[in-house]
Amino acid sequence: MRVKSALYLLPFLLLFGSKYTFSQAYRVKTIVIDAGHGGNKPGARGSYSLEKNVALKVALKLGKKFEEDMPDVKILYTRKTDVDVDFYKRAALANDNKADLFISIHCNSMPDNKIVTYTKNKAGKKVAKYSYVKNKTTKGTETFVAGSHRLNEQDVAIRENADIKLEKNYKQNYNGYDPNDPETFIILSLFKNLFRDKSMKLAKLIQDNYTDNDNRIDRGVKEQGILILQRCGMPAVLTEIGFISNPAEEEYMNSESGSTEIVNSIFKAVKNYRKETETN
């Protein structure tokens, strides 16, 4: 690497290596809440409800909680009605508005169990016969972050957001940061690692609250190549709030008390996340 380039990168390396992240005055100012599925994409099906409707109800309730109890944060929604919104448009909404967090709400589901029995045909040969029984017992919550094996997909989103993640006068302070410079991949890598770490932090806080406050079964924080998370140029999580294929959890998610517990757990997680990550 040329000496000039190394000097140009040094302030970034010092910045990211310190306790300060993104900028020396990092604060959560905008959160995008995403209700999974919608319109002609119902998502998973329960015995009487659809994932798209449960996710929307919880997303709107969560947004209202933020608006009432965290008024300093701007809340945006990828959808507020029963419409289908393409994945790329959901991520684009967050990127275009320079969001600081992206939270996607979904319901989980298990496929039917395959049962195999055998009969004999007229020739006495054993023949397999298949039937399916619904899996109604699996339950619990899990929260996903972008899989590290596909983090390169965040490059474009991070380039688009880079100016807001750095100080407002970054051009003067950092001697002309150029997103088109090939060596900028070093900066992108730092951003991606920070986004991953902060996504993991928020996801763990959410899961801890589900378990400690709501007595839910913890299925853990997981990394997966989920498209919508890969395209977000900020910390992003997708939380599966329960199994709609489980009658008890379907009832819980549809109930006022259950949805309120879910909302409170996510809200408290964000509140703690802010305490742990924001700087003056």
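A heavy-atom distance below 4.5 Å is not found between the side chains of Val32 and Ile103. The side-chain heavy atoms of Glu142 and Asn108, taken from C-beta on, include a pair separated by under 4.5 Å. Contact annotation: the side chain of Lys222 never approaches that of Val145 to less than 4.5 Å [non-hydrogen atoms, C-beta and beyond]. Two residues are said to be in side-chain contact when any heavy atoms from C-beta on lie closer than 4.5 Å; Lys120 and Lys125 fail this criterion. Side chains of Val221 and Met200 form a contact here, defined as non-hydrogen atoms less than 4.5 Å apart. Side-chain contact check for Lys65 versus Met70: every heavy-atom pair is 4.5 Å or farther apart.
Note on Asp84 versus Lys41: salt bridge recorded, some NZ/NE/NH1/NH2 to OD/OE distance being below 4.0 Å. Look at Glu51 and Arg45 and you find no salt bridge, because none of the NZ, NE, NH1 or NH2 atoms lies under 4.0 Å from a carboxylate O.
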Please report the C-alpha distance between Ser104 and His106 in whole Å, then the side-chain angles of each, then the deciding distance to 0.1 Å, and finally whether the side chain to side chain contact (heavy atoms under 4.5 Å, CB included) criterion is met.
CA-CA 7 Å; Ser104 188; His106 284 254; 3.2 Å; yes

Check against side-chain hydrogen bond (donor to acceptor under 3.5 Å, both in side chains), Ser265 and Asp214
CA-CA 8 Å; Ser265 286; Asp214 306 336; 2.6 Å; yes

Stepwise, does the side-chain hydrogen bond (donor to acceptor under 3.5 Å, both in side chains) test hold for Thr260 with Lys61?
CA-CA 8 Å; Thr260 296; Lys61 199 168 185 176; 2.7 Å; yes

What's the verdict on side chain to side chain contact (heavy atoms under 4.5 Å, CB included) for Val127 and Tyr118, showing C-alpha distance, side-chain angles and the deciding distance?
CA-CA 5 Å; Val127 178; Tyr118 294 92; over 6 Å; no

What's the verdict on side chain to side chain contact (heavy atoms under 4.5 Å, CB included) for Asn95 and Met234, showing C-alpha distance, side-chain angles and the deciding distance?
CA-CA 8 Å; Asn95 293 331; Met234 73 282 307; 3.4 Å; yes

Start with the C-alpha gap between Phe66 and Ile31, add the side-chain angles, then the distance that decides, and say whether side chain to side chain contact (heavy atoms under 4.5 Å, CB included) holds.
CA-CA 9 Å; Phe66 277 119; Ile31 299 174; 4.1 Å; yes

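For Lys204, the NZ atom counts as loosely surrounded, since its 6.0 Å shell holds 12 or fewer non-hydrogen atoms of other residues, nucleotides or ligands. For Arg274, the CZ atom counts as densely surrounded, since its 6.0 Å shell holds more than 12 non-hydrogen atoms of other residues, nucleotides or ligands. Applying the 6.0 Å contact sphere to CZ of Phe267 captures more than 12 heavy atoms from other residues, nucleotides or ligands.
When all heavy atoms are compared, the tightest approach of Val116 to Ala128 is CG1-CB, 4.2 Å. Taking each heavy atom of Arg219 and Gln207 in turn, the nearest pair found is N-NE2, 4.0 Å. Residues Phe195 and Pro235 share a closest heavy-atom pair of CD2-CD, 3.6 Å. Closest of all the heavy-atom pairs between Ala236 and Ser199 is N-OG, 2.9 Å. The minimum heavy-atom distance between Leu229 and Ala146, with the atom names listed, is CD1-N, 3.9 Å. Of all heavy-atom pairs spanning Pro42 and Leu50, the tightest one is CB-CD1, 4.0 Å.
With rounding to the nearest 0.5 angstrom, the CG atom of Leu205 is 10.5 Å from the OG1 atom of Thr143. One distance of note links CG of Asn272 with CG of Asn209; it measures 6.5 Å at 0.5 Å rounding. If you take NZ on Lys126 and CG on Asn121, they are separated by 12.0 Å, rounding to the nearest 0.5 Å. Separating the CD atom in Glu67 from the NZ atom in Lys74 is a distance of 11.5 Å, to the nearest 0.5 Å. To the nearest 0.5 angstrom, Tyr26 atom OH is 4.5 Å from Thr277 atom OG1. In this structure, the separation between CD1 on Ile262 and NZ on Lys57 is 9.5 Å, given to the nearest 0.5 Å.
Looking at Asp218, its side chain does come within 3.5 Å of a backbone N or O of Gly220 through a donor-acceptor pair. With hydrogens and angles ignored, the 3.5 Å screen pairs a side-chain donor or acceptor of Arg79 with a backbone N or O of Thr81. Distance alone, capped at 3.5 Å, places no donor-acceptor pair between the Arg90 side chain and the Asp34 backbone.
Applying side-chain contact (heavy atoms from CB on, under 4.5 Å) to Phe102 and the options Leu76, Thr78, Ile33 leaves one that passes, Thr78.
Side chains of Tyr210 and Thr239: a donor-acceptor N/O pair is present below 3.5 angstrom, by distance only.
Lys271 meets the salt bridge (charged side-chain N to carboxylate O under 4.0 Å, His left out) test with no other residue; sequence neighbours excluded.
Applying the salt bridge (Lys or Arg N to Asp or Glu O under 4.0 Å) rule to pairs touching residues 236-246 yields nothing, sequence neighbours excluded.
One hydrophobic cluster, built from ILVMFWY side chains closer than 4.5 Å, holds both Tyr273 and Ile105. Phe87 and Val85 fall into different hydrophobic clusters, where Ile, Leu, Val, Met, Phe, Trp and Tyr residues are linked whenever their side-chain heavy atoms come under 4.5 Å apart, directly or through other members.
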For residues 241-253, please give each side-chain donor-acceptor pair under 3.5 Å, one per line with the distance, not counting sequence neighbours.
residue: Ser245; atom: OG; partner: Met110; partner atom: N; Å: 3.1
residue: Asn246; atom: OD1; partner: Ala248; partner atom: N; Å: 2.9
residue: Asn246; atom: OD1; partner: Glu249; partner atom: N; Å: 3.2
residue: Asn246; atom: ND2; partner: Lys136; partner atom: O; Å: 3.1
residue: Asn246; atom: ND2; partner: Thr137; partner atom: O; Å: 3.3
residue: Asn246; atom: ND2; partner: Thr138; partner atom: O; Å: 3.4
residue: Glu249; atom: OE1; partner: Gly140; partner atom: N; Å: 3.3
residue: Glu249; atom: OE1; partner: Phe243; partner atom: N; Å: 2.6
residue: Glu249; atom: OE2; partner: Gly140; partner atom: N; Å: 3.0
residue: Glu249; atom: OE2; partner: Arg216; partner atom: NH2; Å: 3.4
residue: Glu250; atom: OE1; partner: Ser47; partner atom: N; Å: 3.0
residue: Glu250; atom: OE1; partner: Ser47; partner atom: OG; Å: 2.7
residue: Glu250; atom: OE2; partner: Ser47; partner atom: N; Å: 3.1
residue: Glu250; atom: OE2; partner: Tyr48; partner atom: N; Å: 3.0
residue: Glu250; atom: OE2; partner: Ser49; partner atom: N; Å: 2.9
residue: Glu250; atom: OE2; partner: Ser49; partner atom: OG; Å: 2.7
residue: Glu251; atom: OE1; partner: Tyr48; partner atom: OH; Å: 3.0
residue: Tyr252; atom: OH; partner: Glu261; partner atom: OE1; Å: 2.6

